[in-house]
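Ligands are counted one by one from 1 in listed order, and the atoms in each one are counted from 1 as well.
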Amino acid sequence: MSSEASRPFPARIAIFASGGGSNAASIMDHFADNPHAEVVLIVTNKATAGVILKGHQRSVPVLVLRKGQIQNRAFMLGQLEHFQVDLIALAGFLLLIPSFLVQAYPQRIVNIHPALLPKFGGKGMYGMHVHEAVKAAGETESGPTVHYVNEQYDEGAIIAQERVVLDPEDTAEEIAAKVLAVEHRLYPRVIESLVSGLKRSNVKH
Ligand code: GRF
């Protein structure tokens, strides 16, 4: 693996997403003109994902990959090396991240979850399932969690959370909208603070 000691900042971010990509868009827009980082790649496992268009609209390269490709160590690390990726931000990415990626990017893969982890996390807790569970539990607050990614869904160390107050009358859809609005503000800021602290010499390629 080549040394990147001579390459200056900005840090290079890859976003992995499977859905509409509203968080991906907020991250790309935040870093469109930012000295700390740039989004250099979108990876998706879904050929119809809205995030593809959002990447194209911003001239960010998009890789549409099959599950088998994402789980192929040599292929995947080769792609990330090609794009010289320093940090991976998951934004609605529904596949489990393979162990080799967690090991190749220690403390360099982050995710946003639309609830206050450790509550309402784990396998099957994605999309509206999360907000429906929050509603069913009668929670008085919810909000996004940004966390490091390890080999288990939603179990890596928590980096940041932001709370929103819920009204007892809120539907699951209204809870989702409240939380998503906060996600768009929170996630780019947390990523910026992380990349600002990245030490280039610690980044493996
Ligand atoms: C967000 O709610 C995020 O918290 C979760 O997946 C959703 C992705 O939404 N991980 P979008 O594709 O960014 O609009």
query: Is it true that the side chains of Asn23 and Glu183 contain a donor and an acceptor less than 3.5 Å apart?
result: yes

statement: Quick note on ligand 1: atoms under 4.0 Å from a heavy atom of Pro114 include exactly 2 (O), 4 (O), 5 (C)

At what distance is the nearest protein heavy atom to [atom], and which residue and atom is it?
atom                    : value
atom 3 (C) of ligand 1  : Glu183 OE1, 3.1 Å
atom 10 (N) of ligand 1 : Ile112 O, 2.8 Å
atom 14 (O) of ligand 1 : Ser22 OG, 2.5 Å
atom 7 (C) of ligand 1  : Gly92 CA, 4.2 Å
atom 13 (O) of ligand 1 : Asn23 N, 2.8 Å

message: With heavy-atom distances below 4.5 Å as the criterion, would you say the side chains of Ile15 and Leu41 are in contact?
response: no

query: Would you say Ala91 and ligand 1 have an N/O pair spaced under 3.5 Å apart?
result: no

Are any side-chain N or O atoms of [X] and backbone N or O atoms of [Y], one a donor and one an acceptor, separated by less than 3.5 Å?
X      : Y      : answer
Arg185 : Ala181 : no
Arg12  : Phe83  : yes
Tyr148 : Glu155 : no
Lys135 : Asp170 : yes

message: Check this for me, if you would: do Asp154 and Lys123 make a salt bridge, where the nitrogen-to-carboxylate-oxygen distance has to be below 4.0 angstrom?
response: no

- request: Please confirm whether Gly21 comes under 4.0 Å of ligand 1, counting heavy atoms of the residue only.
  value: yes

task: Could you establish whether Pro144 and ligand 1 come within less than 4.0 Å of each other, counting only heavy atoms on the residue side?
output: no

